[in-house]
Amino acid sequence: MAKPLSIIVVEKDRERALLIVDGLREAGDHEVFVMADDFALARRIAERNPDLVLIDAGNPSRDVLEELTLASSPMERPVAMFVDQSDGSLTKAAIEAGVSAYVVDGLRSERIKPILDAAIARFHMVQRMRVELAETRRALEERKVIDRAKGILMRAKGIGEDAAYGLLRKAAMDQGRKVADVAQALVMSADLLK
Amino acid sequence: MTASVLRLGYVPLIDAAPLMVAEALGFAGEEGLELQLTAAPSWSALRDMLAGGLVEAAQMLSPLPVAQHLGLSGAARFEALSVLSINGDVIGVSGALAARMRTGGFGFDFADAAAAGHALVAAAQGSLRIGVPFPFSMHTELVRYWLQGFDLTLDIRTVPPPRMAEALAAGEIDAFCVGEPHGSVAVERGVGVLLLPGSAVWAFSPEKVLATRAGWAEAQPELAGRLMRAVWRAGRWLGLAANRSMTSELLAAPGRLAVSAEVIERALTGRMVISPEGEERLSAGMIEFFDGAATFPWRSQAAWIGLRLAGRHGLDAAVAADRARLVFRSDLYRLHLREAGADLPGASEKLEGSLSHPTAVASERGRTILPVNRFFDAQIFDPAAPLR
């Protein structure tokens, strides 16, 4: 059996990191390390001397990893960027999933492929989670603003909660705007009048 | 007629302005182009987007395409259709280092690179950790060129520009060379003092280029011409002093640089605030988008970059210079921008560093004025004799 590969995942968020690590474990019996993208990243990766590094393509610290591709003389380069490898469809899938892989030169592609397939699948999940989280946060923010606007109307006009919401909804419909936007405008105006 | 769509990538910096202006002010529209701009989180990400065909063209660090053609950076091959910006970098030091330099009597004139180098070496106590945005960048080249003659151990580290101030504050680096507005951001956060503009090291250095995959512009001559003209007209608009405040507002708009217009305007006007105490310095030519044939991709600029890289990586100098000069496509620039009215220099190579005052040279329409382009050490780079 081939010796297990040493893989580093650069990811600060613990939940996301675990998700990716689980996926990689399913792809084979590999040693997986998680690192945060702090300032010592390049040095700590070099110390581990991994076969493969996976990092979110959206992470600005990716440029730090470029140093690894230049670590020694150009004649014996230890690390290649996966985007340079010959498998075009896999490269495209990786870019779309938002994962960047740095692979030690000379590692056979049949050893890399199952790991990257797993990584790509997990990075897709991570992306979905991120979108969902952003959506949830936005919905929560909107509800808070609408609640504040309702409160302002209830106090100012001495009406009940349902009537206050009805006023907001009517104003939104009349102006062709979202209820949350009307509520936001009201809250802002009320703050100014304080 | 429906507009042809072109996808462009950029990194949010002041020198991405020609692409943003070409899109936002209608220069692309006049050429029947619809530009779709995508911000990249890092230079590696932008390089991969261009290499992988997710965008047709991109703002790019001028040394990167050269490094690729020398075999130093991956399998992709780009080329420069034009220069997007001249200068625009600043060199800054940590508050602690600045204090030691002041104790040594240094006045932070923000001008004299030789004097600044001596003061820095005296204060740095033997070694200096300096952050740059990318290994293949004009920042790296300027820092190495500036400090090569000094007795100082350089530890050059890659730090993403938005994190430069943070890295300085955390004591991870002692100094930086970064594109504006990120030097001024470090000043605003009270963690750094600006020491020099990049132009104090090389008065007219090609900072960013308009890059495409090698061969794309010849396979799509019609599109390439329209793109080059739109970006060139955007550069001409940016070059007018009257447009500076509008430029800073445009770059500060939501979704662009995420830095205030007041901070962006410093580099555009050359009125730099160099320290958290608010000291001001005037620096002409902080960043240039048009004047002095700024957008012309001089083959001698590429040769200079190629030779600097070759020297560090143990490559044959003559071969490197020959490969490098072909990466800056002055031929395509002439082909596509002549009809737009660009004043084309008579030659495609010049002596880099030879002009210590603005000088008229022959151009296709008569004469064009080339600006000061000297190196701080008064060396002259002759692209025809790189092996001397």
Side-chain angles (χ1 to χ4, degrees), chain A residues 10 12 36-46 53-103 105 109 120 123 127 130, chain B residues 9 11-12 38-55 61 64 67-68 70-77 129 131-137 139-140 155-164 166-173 178 182 309-310 312-315 320:
Chain A
V10 181
K12 187 159 48 181
D37 58 332
D38 61 17
F39 293 115
L41 183 62
R43 196 190 69 226
R44 291 195 298 132
I45 289 178
V53 181
L54 296 169
I55 183 168
D56 184 338
N59 189 328
S61 291
R62 241 199 89 188
D63 283 346
V64 175
L65 299 192
E66 292 295 309
E67 283 181 15
L68 297 175
T69 69
L70 314 162
S72 50
S73 80
M75 300 311 144
E76 40 148 4
R77 201 169 317 148
V79 182
M81 285 149 292
F82 186 72
V83 77
D84 275 351
Q85 309 271 312
S86 51
D87 190 338
S89 62
L90 196 55
T91 303
K92 192 161 177 291
I95 293 179
E96 281 168 2
V99 55
S100 300
Y102 289 76
V103 182
D105 242 359
S109 63
I120 287 167
F123 271 81
Q127 274 193 345
R130 235 179 246 168
Chain B
V11 170
T38 306
S42 68
W43 288 108
S44 352
L46 185 54
R47 176 204 50 207
D48 292 354
M49 281 161 64
L50 184 57
L54 278 76
V55 293
L61 302 152
L64 183 69
Q68 290 175 335
L70 299 187
L72 295 172
S73 178
R77 296 288 178 268
R129 298 165 303 163
V132 297
F134 201 72
F136 298 112
S137 61
H139 317 80
T140 307
D155 178 359
I156 300 185
R157 300 186 178 185
T158 304
V159 180
R163 295 197 177 164
M164 206 60 92
E166 200 186 323
L168 201 62
E172 288 292 327
I173 49 175
V178 72
H182 292 290
L309 291 172
R312 282 210 300 285
H313 293 275
L315 306 177

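Order of the sequence lines fixes the chain letters, A, B, ..., with proteins taken first and strands second; residue numbering starts at 1 for each chain.
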Asn59(A) side chain reached by Ser42(B) side chain, heavy atoms, under 4.5 Å: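 Answer no - side chains too far apart.
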Flag side-chain contact, heavy atom, 4.5 Å: Asp48(B) against Arg62(A):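 Yes; the side chains approach each other to less than 4.5 Å.
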Under 4.5 Å from any heavy atom of chain A, what part of [X] do you find: side chain, backbone, both or neither?
{"X": "Arg163(B)", "value": "both"}
{"X": "Ile156(B)", "value": "backbone"}
{"X": "Pro133(B)", "value": "backbone"}
{"X": "Ala170(B)", "value": "side chain"}

Closest approach of Pro60(A) to Pro160(B) (non-hydrogen atoms, all atoms of both residues):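 That would be O-CG, 3.2 Å.
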Heavy-atom pair with the smallest gap, counting every atom of Gly58(A) and Pro41(B):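 Taking every non-hydrogen atom into account, O-CB, 3.2 Å.
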Between CZ on residue Phe134(B) and CG on residue Asp63(A), distance to nearest 0.5 Å: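 So the CZ of Phe134(B) and the CG of Asp63(A) are separated by 5.0 Å.
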